Amino acid sequence: MPTYNDMLFDPPAPVARVTISNPNNGERVQDVLMLLDLGADVTVIPQIVIEELNATIIPDVSYQVIGFGGDTTFASAVQLESVFLNKIFRVRFLTAAQMWGVIGRDILNWVSLLFDGPHLTWNEQRHR
């Protein structure tokens, strides 16, 4: 059962380990730490993963991003694939210079999850 991370996040937050791949060259990176964030519109991956995948930033495309504190920055975008809960998601990822990524609603809206905060675990809910 996936757990929350209490070393990087206070209070503890739900995280997943995902595989991200570059469909253009077949490169992939496994065990990328991703925060599950229902407040995030889109999915963000660490810049270092893009470098490891030899992925190409989409030219002339950037997105204005407003952080929790209200600060505004611009993020580059890249088209990659992610494996989360044994499902492949082909989305446009934004990039960030941080050590973990963020799975946003562009992916989370396609899965059903149960967050058990008191036990610091989460899992996929399979509908019968």
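Remember, it's a predicted structure, so these values are computed and weren't measured experimentally.
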Notebook entry, point to check: Who passes side chain to side chain contact (heavy atoms under 4.5 Å, CB included) against Asn123, sequence neighbours left out?
Noted result: Met1, Leu114, Gln125

Check: Rounded to the nearest 0.5 Å, how far apart are CG of Leu113 and CH2 of Trp122?
Finding: 5.5 Å

Check: Considering residues at least two apart in sequence or located in another chain, which fulfil the salt bridge (charged side-chain N to carboxylate O under 4.0 Å, His left out) criterion with Glu27?
Finding: none

Checklist line | Between CD1 on residue Ile50 and OG on residue Ser76, distance to nearest 0.5 Å | finding: 7.5 Å

Next item on the list: Under the side-chain hydrogen bond (donor to acceptor under 3.5 Å, both in side chains) rule, collect the residues that match up with Thr43, sequence neighbours excluded.
Entry: Asp106

Check: Can you list every pair that meets ring pair (Phe, Tyr, Trp, His ring centres under 6.0 Å) and has a residue in residues 11-57, with sequence neighbours left out?
Finding: none

Notebook entry, point to check: So how far is it from Leu108 CG to Phe84 CZ, rounded to the nearest 0.5 Å?
Noted result: 6.0 Å

Checklist line | Flag side-chain contact, heavy atom, 4.5 Å: Trp110 against Val91 | finding: no

For residues 3-20, run the donor-acceptor check on the side chains, cut-off 3.5 Å, and write out each pair with its distance to 0.1 Å, sequence neighbours left out.
| residue | atom | partner | partner atom | Å |
| --- | --- | --- | --- | --- |
| Asn5 | OD1 | Met7 | N | 2.9 |
| Asn5 | OD1 | Leu8 | N | 2.7 |
| Arg17 | NH1 | Asp31 | O | 3.1 |

Next item on the list: Apply side chain to side chain contact (heavy atoms under 4.5 Å, CB included) to Ser21 and list each qualifying residue two or more places apart in sequence or on a separate chain.
Entry: Arg28, Glu81

Enumerate, atom names and distances included, each donor-acceptor pair closer than 3.5 Å involving a side-chain atom of residues 62-73, sequence neighbours excluded.
| residue | atom | partner | partner atom | Å |
| --- | --- | --- | --- | --- |
| Tyr63 | OH | Arg92 | NH1 | 2.9 |

Checklist line | Pairing residues for Arg105 by the salt bridge (charged side-chain N to carboxylate O under 4.0 Å, His left out) criterion, not counting sequence neighbours | finding: Asp41

Check: Listed by chain and number, what are the side chain to side chain contact (heavy atoms under 4.5 Å, CB included) partners of Asn22, not counting sequence neighbours?
Finding: Asn24, Asn25, Leu53, Ala55, Leu80

Margin query: Please say yes or no: joined through hydrophobic side-chain contacts below 4.5 Å, possibly via intermediate residues, are Ile103 and Val29 part of one cluster?
Written below: yes

Check: By side chain to side chain contact (heavy atoms under 4.5 Å, CB included), which residues pair with Ile48, not counting sequence neighbours?
Finding: Pro46, Glu51, Glu52

Checklist line | Qualifying salt bridge (Lys or Arg N to Asp or Glu O under 4.0 Å) pairs, either residue in residues 107-124, two or more places apart | finding: Lys87-Glu124, Glu124-Arg126

Note to self: Who clusters with Ile88? Use side-chain heavy atoms, under 4.5 angstrom, across I, L, V, M, F, W and Y, and order the result by chain and number.
What the structure shows: Val83

